[in-house]
Amino acid sequence: MNRLFGTKSNIPKPSINDAVKSIDERVGSLDVKLTKINSELSTYQQKIARMRDGPGKNSLKQKALKLLRQRKQIEAQKDQLENQSWNMSQASMTTDNLQNTMVTINAMKVANKQLKQTYGKIDIDQLESLQDEMLDLIDKSNELQEALSTSYDVPDDISESELDAELEALGEEIQFENEMAESGVGVPSYLNEESSGVENLPTFIDEEPESATKIAN
């Protein structure tokens with residue numbers, strides 16, 4: 001039965017990259033053969049150059065010609081394989097680009113679907129209402145800040161020139177007091193530095209006079 005209808009093979013089919021790798025290996029083996037042929041041709045050429053004309057020289061020429069034919073065949077085969085490898089590489093690159101493009105397109109479709117679902121849940125009127133409420137709250141907050149920052153001690157109608165004049169007058173008053181203190185004018189005598197001795201201090205009577213005691217006796 002298997003011979004008549006055949007059986008399915010479980011061996012995976014080679015990919016383009018596998019095929020390119022196989023071709024490159026064959027090209028490498030051809031390069032080895034070409035290197036060997038070129039080495040033999042160089043040896044024959046050196047020998048032929050030193051030999052005189054005759055049957056021996058003709059025999060070496062025939063061998064050299066045979067190697068030249070083989071080299072041309074191998075070079076032609078190598079060129080063909082390299083062209084195949086190049087074409088398959090191009091096909092692989094095109095396939096990869098198409099796959100990347102499909103991935104990008106699918107991702108864009110998913111993102112577009114999600115955006116539609118997200119924007120479908122947003123109510124524009126509700127959003128505008130929230131913005132209006134936020135603006136009202138901000139205005140109220142600004143009004144509260146202005147009310148709290150109002151100063152009740154300093155009148156608003158005081159000019160800067162009046163404040164400067166008052167500050168200047170205060171400075172003159174302080175300077176005048178300093179000058180008076182240095183000269184001693186207007187300072188009580190018992191606080192004056194020159195008359196701060198013990199003899200100038202006022203006396204206080206803590207006991208009765210001695211004469212009054214005698215009279216009482």
Side-chain angles (χ1 to χ4, degrees), residues 1-139 141:
M1 295 294 292
N2 292 334
R3 293 180 180 178
L4 293 175
F5 298 101
T7 58
K8 293 183 178 179
S9 176
N10 294 326
I11 301 175
K13 295 181 180 180
S15 63
I16 294 179
N17 292 330
D18 294 336
V20 171
K21 183 178 179 182
S22 177
I23 292 174
D24 291 340
E25 290 177 353
R26 292 174 60 186
V27 171
S29 64
L30 293 178
D31 285 333
V32 174
K33 291 181 180 181
L34 288 174
T35 302
K36 183 179 179 181
I37 290 174
N38 290 330
S39 178
E40 292 179 359
L41 285 174
S42 177
T43 302
Y44 288 153
Q45 185 179 8
Q46 293 176 3
K47 290 180 179 181
I48 292 172
R50 294 194 299 266
M51 293 176 67
R52 296 180 179 178
D53 294 336
K57 187 175 182 179
N58 293 331
S59 177
L60 287 178
K61 284 183 178 180
Q62 293 299 321
K63 291 180 180 180
L65 292 174
K66 183 178 180 181
L67 287 176
L68 285 173
R69 295 189 189 96
Q70 290 180 2
R71 188 177 71 175
K72 288 185 178 295
Q73 291 176 354
I74 293 173
E75 288 176 347
Q77 187 178 5
K78 179 184 174 182
D79 291 339
Q80 184 179 3
L81 291 174
E82 287 178 343
N83 290 332
Q84 291 179 4
S85 177
W86 170 253
N87 293 333
M88 296 179 72
S89 297
Q90 290 294 104
S92 179
M93 293 175 60
T94 303
T95 302
D96 292 339
N97 291 334
L98 288 175
Q99 290 178 352
N100 293 332
T101 301
M102 292 303 300
V103 170
T104 303
I105 291 173
N106 291 332
M108 292 176 65
K109 288 181 179 180
V110 173
N112 189 25
K113 184 177 180 180
Q114 292 177 351
L115 287 173
K116 287 181 179 179
Q117 292 177 354
T118 302
Y119 282 116
K121 297 177 182 179
I122 297 176
D123 188 354
I124 301 300
D125 296 334
Q126 185 179 4
L127 179 60
E128 292 178 353
S129 177
L130 288 174
Q131 288 181 339
D132 293 337
E133 291 180 1
M134 288 296 297
L135 291 174
D136 292 338
L137 291 173
I138 292 173
D139 292 337
S141 176

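Please read all numbers here as calculations on a predicted model, not as lab measurements.
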Just do the side chain to side chain contact (heavy atoms under 4.5 Å, CB included) check on Lys109 and Lys113 with the steps written out, would you? CA-CA 6 Å; Lys109 288 181 179 180; Lys113 184 177 180 180; over 6 Å; no
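- Of the residues Gln62, Glu40, Lys72, the one that meets the side chain to side chain contact (heavy atoms under 4.5 Å, CB included) test with Leu67 is Glu40.
- Of the inter-residue distances, the one linking Leu60 atom CG with Lys47 atom NZ reads 6.5 Å to the nearest 0.5 angstrom.
- The main-chain N or O of Ala91 is found under 3.5 Å from a side-chain atom of Thr95 such that the two form a donor-acceptor pair.
- Remark: side-chain polar atoms of Thr104 are paired, donor with acceptor, to backbone N or O of Asn100 under 3.5 angstrom.
- With Ser42 contributing its side chain and Asn38 its backbone, the two residues share no donor-acceptor pair below 3.5 Å.
- Proximity of a side-chain donor or acceptor of Thr101 to a complementary backbone N or O of Asn97 within less than 3.5 Å is detected.
- Thr94 places a side-chain N or O within 3.5 Å of a backbone atom of Gln90 that can act as its donor or acceptor partner.
- Panel note: side chain Thr35, backbone Asp31; a donor-acceptor pair is recorded below 3.5 Å.
- From Ile74, atom CD1 reaches atom CG of Leu81 across 11.5 Å, with rounding to the nearest 0.5 Å.
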Run the numbers on Val103 and Gln99 for side chain to side chain contact (heavy atoms under 4.5 Å, CB included), then give the verdict. CA-CA 6 Å; Val103 170; Gln99 290 178 352; 5.5 Å; no
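- Heavy-atom contacts from other residues, nucleotides or ligands closer than 6.0 Å to NZ of Lys57 number more than 12.
- Interatomic distance, OG of Ser129 versus CD of Gln131, reported as 9.5 Å (0.5 Å rounding).
- How far CD of Gln77 is from CG of Leu30: 5.0 Å, rounded to the nearest 0.5 Å.
- Between Asn17 and Lys21 the shortest side-chain heavy-atom distance does not fall below 4.5 Å.
- Atom CE of Met51 is surrounded by more than 12 heavy atoms from other residues, nucleotides or ligands within 6.0 Å.
- Here CG of Asn112 is found 4.5 Å from NZ of Lys116. Values are rounded to the nearest 0.5 Å.
- How far CZ of Arg69 is from CG of Leu65: 5.5 Å, rounded to the nearest 0.5 Å.
- Heavy atoms only, all atoms of each residue included: Ile23 and Ser85 are closest at CG2-CB, 3.8 Å.
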Show your working on side chain to side chain contact (heavy atoms under 4.5 Å, CB included) between Val32 and Lys36 and close with a plain yes or no. CA-CA 6 Å; Val32 174; Lys36 183 179 179 181; 5.9 Å; no
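- Take Asp24 and apply the salt bridge (Lys or Arg N to Asp or Glu O under 4.0 Å) test, not counting sequence neighbours, and it matches no residue.
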